[in-house]
Amino acid sequence: MNEDILGQLNDSQREAAVYCDGAELVIAGAGSGKTRVLTYKIAYLLQSGYRPWNILALTFTNKAATEMKERISNLVGHDKARLLSMGTFHSIFSRILRTEVSHIGYDHNFTIYDQGDSRSLIKTIIKEMGLDEKQYNSSSVADRISLAKNNLLTAHDYSSSIHVREDVERKVPAVKDVYMRYAERCRQANAMDFDDLLLNTYLLFARHEDVRQKYVDRFRYVLVDEYQDTNYAQQAIVMQLTRDHQRICAVGDDAQSIYGFRGANIDNILNFTKAYDNAKLFKLEQNYRSTQMIVQAANSLIRHNARQIPKNVFSDNERGEKVVFKQAYSDREEAAIVCKEIKRIKSREKCGFGDFAILYRTNSQSRSIEEEFRKSNVPYRVFGGLSFYQRKEIKDIIAYFRLVANPNDEEAFRRIINYPSRGIGDTTLSKIATTANKHALSLWTVASQPLVFGLEANRGTYAKLEAFCSMISAWQAVMQSVDAYQLGQDIIKGSGISKEIYEKREPEDLARQENVYEFLAGLQDFVESRREEGDGEHVYLSDFLQEVALLTDLDSDSDGDDKERVALMTIHSAKGLEFPNVFIVGLEENIFPSPMSCSSLRELEEERRLLYVAMTRAEKRCFLTCAQNRFRYGRVEYGTPSRFLQDISPEYLKKDEISTPASPAYYRGGGQADGGYGSKPKWMQNPRPVASQFKADPKPRAVPPRREENAPSPFSEEFEKRLKVAKLRLKPVTKAEIDELTAPTVSEDVGISVGNVIEHQRFGIGTVIQLEGRGENLKATVQFTNSGTKQLLLKFARYKIVK
DNA sequence: CACGTCACTGTTTTT
DNA sequence: CAGTGACGTG
């Protein structure tokens, strides 16, 4: 059996796979079968007597973990494979923290703050401290803190570290104080950000030898994929787990280290053999993926980097065509060239749209390509960008879930205390925050006992707070008895979110409704698959929350459908993937390399590696394009070809091979904004009557949920089937239920009631369809004949009753 | 308190 | 361009 498995590897792959005598570093050139070695090594370990749960395999993405598990399943069977500990650093260690976190003073139901949460908290703190928000830009402060955590510096350590001097030089001396407060607030909220998951794991193991020992005993063999992208904290944790027995296998390629901005430290891989004394070094140098031409072109590029482990990547595949470079006049022409070339290759060879990928440096570059593809009916799929879980309506729902699971969660509290509107506005919120800070308590504690902490507010406000808190408390009470799906539905209905979302009928609302369906379907799916896996009879909301925080839609497995679409993604998200034909677009100075990364040689080398990664995704053909004029930040910018083009040896590069499309003006000139489609006035073309209500989430996409047949929302493929089923099973919130939820409160003190027709000074004639609130807060929802539905606060509205 | 409007401004990659 | 914050109005 061993023979069978190992027979499928080449000599150097096999040597790397069977070496089990100690620390091992496998330098795996691009396309050299790195994943293959890892999977076979794990299969080999299992056959040599290791129990599945004794093996820990850390990957870079959840997707990589799932795929590897699947491949191992095929070798050793599902039963064994499913028991392996395999996942990202973040997901594996968050699970360990869940069970051990009481040792370091957290509660096991801690929340995981995503980047948006932590940025918003940092922003709040900067405001509270009265710092200048221009000087203390919340995201750069967040980056500083993140970097510190990645280097295992706690807030306390930081304040006496060299970083403080840097901060002083950069004119942001208070970063250390922001960090200090931020850490306090996170603890107060019983929350951890992504970096805390690593930092706290490290501290847990460092301070509690018995706990460390427990996991050292459990994880008898540790494998780390993409080692070049680990940061100091990750490396340190791996060291804590492996320094006793030295059974570690790290796999990676220093030439593909592209996550330095996230704290990844290329020194980890460069210095591996120093960290582990007797480490054995293996090199996989044969590339099985690409043509010789592509491999050589990529080699000639990466040769310009000084810091690297020497290696000689080669290919025995066909020689192949030269890498093609073409400069276009504009970004539109660039898109058209790419589009035309895809069609040309596709008709010449028997291949599908799925054999093509467009790679770019920044997400925003997908736009011009998308426009062109849509115009030319080329099916495509955009990866990355705004993930499903970052959509406003989904985040709102999750915020409710989070607050129920952990009422101290400050960010969740802030998000939903007044969503849907319940008359608790900024004034009340900031009073709560001030009081909470004064007593070093969470917002929830203060809000639920306002009188105890001397929160000053009027009667109405107390009542509203009371209503909100008792609603949340009621769900808390049943959280351990009602299953996640049931409770989730209850919350969506009871919170008023369903009313908020299902009431309206604008196109954007419909998209949101679908997203909520998808979300519920996903939740149901989660509950069911958990049950099938036999992890206990009941699946609770907290189980779901644990997973959801670390999910990306990149991780979702796509079904066959994707094979028929061109893939659009950033180079970063293309890591580990391969395509027959790859187009790398936007190779211009000011984009690639990014101007943010041009200040040091180190950063520049990372950008070069990024291009190396991009080129080595290609199996057969690789195209590089750039544009002279590009529409960016609302204006046309002039750009010159990227300096990296000169790094590629000319013998592998062919310029201007693609023919320019014959006619149209790809010039996006000054004057006519709407290049000849109809002539509606601007304000009619993109009606967004309620836009302001739905804006404002961290990384919103320009075009709201994509719904055209070419470009459905990132999630709809994998959810489509489940969705249909779920819709049947789900009995979506019915009209009657909505009516019930929106039942009017009869109000005696004003002469207006549901059914009245009023005439409003600005909006014209309309029918009152709902009334809520009382006294001076009495609010009417009015369906106007010509102006849609509006909410009017009657004490202000200028109207008269007509009927 | 909620919502609409206006002016300003920042520009990268993601677990 | 598109997101954000400040400000005014009902």
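Numbered from 1 within each chain, the chains take letters A, B, ... in sequence-line order. All of these numbers come straight from a predicted model, not from anything done at the bench. Both backbone and side-chain heavy atoms feed into the values below; hydrogens, waters and symmetry mates do not.
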What's [X] touching, base or sugar-phosphate or nothing? Going by heavy atoms closer than 4.0 Å.
| X | result |
| --- | --- |
| A/Phe60 | sugar-phosphate |
| A/Thr427 | sugar-phosphate |
| A/Thr428 | sugar-phosphate |
| A/Thr88 | sugar-phosphate |
| A/Lys134 | nothing |
| A/Asn418 | sugar-phosphate |

What residues form a side chain to side chain donor-acceptor pair (under 3.5 Å) with [X], not counting sequence neighbours?
| X | answer |
| --- | --- |
| A/Glu133 | none |
| A/Thr201 | none |
| A/Asn231 | none |

P-based separation of B/dT13 from C/dT4 [nearest Å]: 15 Å

Spacing of the C1' atoms in C/dG5 and B/dT12 (rounded, Å): 24 Å

Choose from [options] the nucleotide whose nearest atom is closest to any side-chain atom of [X].
| X | options | value |
| --- | --- | --- |
| A/Arg367 | B/dT12, C/dC1, B/dT14 | C/dC1 |
| A/Met596 | B/dT12, B/dT15, C/dT4 | B/dT12 |
| A/Ser573 | C/dC1, B/dT12, B/dT14 | B/dT14 |

Those residues that, when tested against A/Arg632, pass salt bridge (Lys or Arg N to Asp or Glu O under 4.0 Å) (two or more places apart): A/Glu637

Pair A/Ser597-A/Glu607, side-chain donor/acceptor within less than 3.5 Å: yes

A/Asn363 versus A/Thr570, side-chain donor and acceptor atoms under 3.5 Å: no

For DNA chain B, the residues among residues 254-265 of chain A that have a non-hydrogen atom under 4.0 Å from it: A/Tyr259, A/Phe261, A/Arg262

Whether A/His572 and A/Tyr259 hold their rings parallel, tilted or perpendicular, with breakpoints at 30° and 60°: perpendicular

Would you mind reading off the distance between [X] atom [atom1] and [N] atom [atom2], rounded to a whole angstrom?
| X | N | atom1 | atom2 | result |
| --- | --- | --- | --- | --- |
| A/Ile112 | B/dT15 | CD1 | C1' | 11 Å |
| A/Arg635 | C/dC1 | CZ | C1' | 11 Å |
| A/Tyr136 | C/dG5 | OH | C1' | 21 Å |
| A/Asp143 | B/dT14 | CG | P | 14 Å |
| A/Leu147 | B/dT15 | CG | P | 18 Å |
| A/Gln234 | B/dT15 | CD | C1' | 8 Å |
| A/Glu637 | C/dC1 | CD | P | 14 Å |
| A/Lys127 | C/dG5 | NZ | P | 6 Å |

For A/Pro641, all residues meeting side chain to side chain contact (heavy atoms under 4.5 Å, CB included), sequence neighbours excluded: A/Phe325, A/Gln327, A/Cys626, A/Leu645

When you measure from the side-chain N and O atoms of [X] to the phosphate of [N], is any distance below 4.0 Å, counting only OP1 and OP2?
| X | N | result |
| --- | --- | --- |
| A/Asn363 | B/dT12 | no |
| A/Asn150 | B/dT15 | no |
| A/Ser597 | B/dT13 | no |

Residue whose closest nucleotide on DNA chain B lies nearer the 5' end, A/Asn137 versus A/His572: A/Asn137

